[in-house]
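Below is one structure, written out as structure tokens; comments come after it.
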Amino acid sequence: QVHLEESGAGSVQAGGTRRLSCATRERNLSSYGMGWFRQALGKEREFVAAVDWSGGSTGYADSVKGRFTISRGNAKNTVYLQMNSLRPEDTAVYYCAATLAPGVIYNRQEYEYWGQGTSVTVSS
């Protein structure tokens, strides 16, 4: 079992930045591919970004490409989502997830473990 905990919730003006963190205390995450998803009010949970177990490969949704960056921390139990040039449409609850599937995983069904989510609000 892997318990993931997100942090970095808050409100930000459009054009601003925010960094989200995802960490676990039980073990390091170096064996897991990691992903960030988000769910806006009244909408389905959607893929945002993912990184493979090594940190060498990443993938992004078209809506965030060039603005968001996913990375693995030097401490093996943390993954980050750096969000720049934020827009009101980025407002959502953001979830991190872990998978043992190889590669960069875009499909949320392939993630075994999920955090509780952290809320980001972007105002215009």
For the hydrophobic clusters of this structure (ILVMFWY residues joined by side-chain heavy atoms under 4.5 Å, transitively), does one cluster hold both L100 and V2?
-> yes
Donor-acceptor contact present, side-chain T24 to main-chain H3, <3.5 Å | yes
Considering non-hydrogen atoms only, spot the tightest contact between Y106 and G59 and give its length.
-> OH-CA, 3.3 Å
Distance from C96 atom SG to Y80 atom OH, nearest 0.5 Å?
-> 12.0 Å
Do you know which two heavy atoms are closest between A23 and T78, and how far apart they sit?
-> CB-OG1, 4.1 Å
Residues 29-37, side-chain donor-acceptor partners within the protein, below 3.5 Å, at least two apart:
residue	atom	partner	partner atom	Å
S30	OG	N28	OD1	2.4
Y32	OH	R27	NH1	3.2

Could you pull out every donor-acceptor pair under 3.5 Å between side chains of residues 10-22 and any protein atom, sequence neighbours left out?
residue	atom	partner	partner atom	Å
R18	NE	G8	O	2.9
R18	NH2	A9	O	2.6

Ring geometry between W114 and Y95 (parallel below 30°, tilted from 30 to 60°, perpendicular above 60°) | perpendicular
Flag yes if V122 and F68 sit in one hydrophobic cluster, no otherwise; membership is Ile, Leu, Val, Met, Phe, Trp, Tyr, and two members link when side-chain heavy atoms are under 4.5 Å apart.
-> yes
For the student: nearest non-hydrogen atoms of N84 and Q82, plus distance = OD1-NE2, 3.0 Å
Which donor-acceptor pairs under 3.5 Å do the side chains of residues 44-58 make with protein atoms, sequence neighbours left out?
residue	atom	partner	partner atom	Å
R45	NE	Q39	OE1	3.4
E46	OE2	R38	NE	2.7
E46	OE2	R38	NH2	3.3
D52	OD1	S54	N	3.4
D52	OD1	S54	OG	3.1
D52	OD1	G55	N	2.9
D52	OD1	G56	N	3.0
D52	OD1	S57	N	3.2
D52	OD2	S54	OG	3.2
S54	OG	G56	N	3.0

Is the closest basic N to carboxylate O distance between D62 and K65 below 4.0 Å?
-> yes
T99 backbone acceptor or donor facing E110 side chain under 3.5 Å | no
Could you tell me which non-hydrogen atom of Y94 sits nearest to which non-hydrogen atom of E6, and how far apart they are?
-> O-OE2, 3.9 Å
Between CD on residue Q116 and CG on residue L4, distance to nearest 0.5 Å | 10.0 Å
Where D90 and R67 come nearest, the two heavy atoms and their spacing = OD2-NH1, 2.8 Å
Under 4.5 Å between side-chain heavy atoms, hopping through other hydrophobics if needed: is there a path connecting Y113 to V79?
-> yes
